[in-house]
Protein chains: 2
Amino acid sequence: MALGVREHVADSSRIDILRAAACCFMERGYTATSIDDVARRIGATKGRIYHHFPSKADLFAEVFRHGMDINFEALAPFQGMAGPALVRWRRMAKTHVLQMIDTKPFQRAVWIGVEMHLRGATTPEQRSVFNELIDYRDRYGAQFRDTLIQCRDEGVFRFENPSIAGQLMFMTLNSPIFWYSPRTGETRSDIEAIADQVVDYAQGGLCKEQGTQT
Amino acid sequence: MALGVREHVADSSRIDILRAAACCFMERGYTATSIDDVARRIGATKGRIYHHFPSKADLFAEVFRHGMDINFEALAPFQGMAGPALVRWRRMAKTHVLQMIDTKPFQRAVWIGVEMHLRGATTPEQRSVFNELIDYRDRYGAQFRDTLIQCRDEGVFRFENPSIAGQLMFMTLNSPIFWYSPRTGETRSDIEAIADQVVDYAQGGLCKEQGTQT
DNA sequence: TTGACAACATACCGGGTAGTATGTTCAACA
DNA sequence: TGTTGAACATACTACCCGGTATGTTGTCAA
């Protein structure tokens, strides 16, 4: 059952296409990205893309799925982690932010996919595939939401509407996909400092108490 | 110099097109929106659109401009307002959030425009028009950034990187354009409560002090 | 009454794009 | 060594969309 050389080559070719597609979708959006764009980026032609993916929509879906796959993978170590909920939340949040920075093209594609789903910009055939991906993404989000509720139960977070709190938290933690871009000479600890500032901001927003109303 | 009936009719027709265009751009994005889509939404045809706007790019630019026009208008009362910076910041922030909710289609179009500019997804001819609009939007953002710095000078806000703090603040205050949608039976005070929660979150994020590190 | 023009609608064209049909090459068997 | 099929490239088609060119209609001013 071990994979032969052929399979490895095929997988490598497939992931190369996924990476190129993710970059194209990030740079131009779904509609404005042509299959030829993706092919050209890796010095290939349409034939190669359509050999591995049945359609543009399927290619996009696979980019989405891969993006979520690596997110789940990164978050796995904190599943069922003991101790204070806040500590777990901070680790999860920082991991998530670093993931947004490290795999920006895929995460932008995920964002685009969610937007497409919310706008209903999907054909009936795509619907089932998309629903599955959105569920996949919701299960990921649920891990954060559970921890969020635990933090509130433990008294470290305070917020009115949990739904809105979750939206604001994810907007904050996802935001680097929009404004982060690598600086020349940037070290890993520089990036970690950025991630820390993002996590601190979210934490501050979630445990607010002060109120200089109106 | 008073405008006649003809001019008012023409202006009304123009603003109707702008509104329809804003909705289309919000629902499908720039590329996926066709001129025919915009026309169909108001029961018209291409001819009407091209009579008022020379091109799709110009139509989009005018939607962008109108979105920023109403933003400036809403924020005008707080220009040069005396008193603590935090009070001014809260009023500006809440006004901004309510504006995002009340004029969502235009604000989404502005977002799309900024994304297009950042991606360089503009033709040389569009470049100058776009640069002007981005400047226009930056001047709007500067009003917030100035107040942000004042708040830090007055000791009520604390953050490391001002640039990142600004990004996070705007992501929070703009976020309703992505997740807000009106509920049936929703009153104005319900909306204000949502806006307050958003502003509170941003404020909490900007004056963080606590730190359960790593 | 009549021209003139604004405010559209209709008809059409050219370029780009998703998808397909058909080569072509080359590695792994039998 | 012949054969098969994976992994592409090439050539082509049908369609959609931005833009234009050309009607058509109603209104106002002289």
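We use all heavy atoms of the structure for the numbers below, so side chains are in, but hydrogens, waters and symmetry mates are not. Numbers restart at 1 for each chain; the letters A, B, ... are given by sequence-line order, proteins then strands.
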**Request:** Establish, with yes or no, whether the OP1 or OP2 oxygen of dC8(D) is under 4.0 angstrom from a side-chain nitrogen or oxygen of His52(A).
**Result:** yes
**Message:** I need the CD1-C1' distance between Ile17(A) and dA7(D), as an integer number of Å.
**Reply:** 10 Å
**Request:** Give the C-alpha distance, both sets of side-chain angles, the deciding distance and a yes or no for salt bridge (charged side-chain N to carboxylate O under 4.0 Å, His left out) between Lys46(B) and Asp36(B).
**Result:** CA-CA 6 Å; Lys46(B) 279 167 117 91; Asp36(B) 287 312; 3.4 Å; yes
**Prompt:** Between Tyr136(B) and Phe72(B), is the ring centre distance below 6.0 Å?
**Reply:** yes
**Request:** Describe, in one word, how the ring planes of Trp89(A) and Phe157(A) are oriented to each other, choosing from parallel (under 30°), tilted (30 to 60°) and perpendicular (over 60°).
**Result:** perpendicular
**Atom-to-atom span, CZ of Arg48(B) to P of dG19(D) - whole angstrom** = 19 Å
**Asked** OP1 or OP2 of dA7(C) sitting under 4.0 Å from any side-chain N/O of His51(B)?
**Response** yes
Atom pairs under 3.5 Å: protein N/O with N/O of nucleotides 15-20 of chain C:
from: dA18(C); atom 1: OP1; to: Thr33(A); atom 2: O; distance (Å): 3.3
from: dA18(C); atom 1: OP1; to: Lys56(A); atom 2: NZ; distance (Å): 3.1
from: dA18(C); atom 1: OP2; to: Ile35(A); atom 2: N; distance (Å): 3.0
from: dA18(C); atom 1: N7; to: Lys46(A); atom 2: NZ; distance (Å): 3.0
from: dG19(C); atom 1: OP2; to: Tyr50(A); atom 2: OH; distance (Å): 3.2
from: dG19(C); atom 1: OP2; to: Lys56(A); atom 2: N; distance (Å): 3.0

**Check: Trp111(A) ring centre within less than 6.0 Å of Phe178(A) ring centre** = yes
**Message:** Taking 4.0 Å as the cut-off, does a side-chain nitrogen or oxygen of Ser13(A) come that near to OP1 or OP2 on dA7(D)?
**Reply:** no
**Message:** Aromatic contact between His96(A) and Tyr140(A), with the criterion being ring centroids under 6.0 Å apart: yes or no?
**Reply:** yes
**Asked** What is the distance, rounded to the nearest whole Å, between atom CZ of Phe53(A) and atom C1' of dA7(D)?
**Response** 14 Å
**Message:** For the residue pair Lys56(A) and Tyr50(A), would you count it as a cation-pi contact if the rule is NZ or CZ under 6.0 angstrom from the ring centre and within 45 degrees of the ring axis?
**Reply:** no
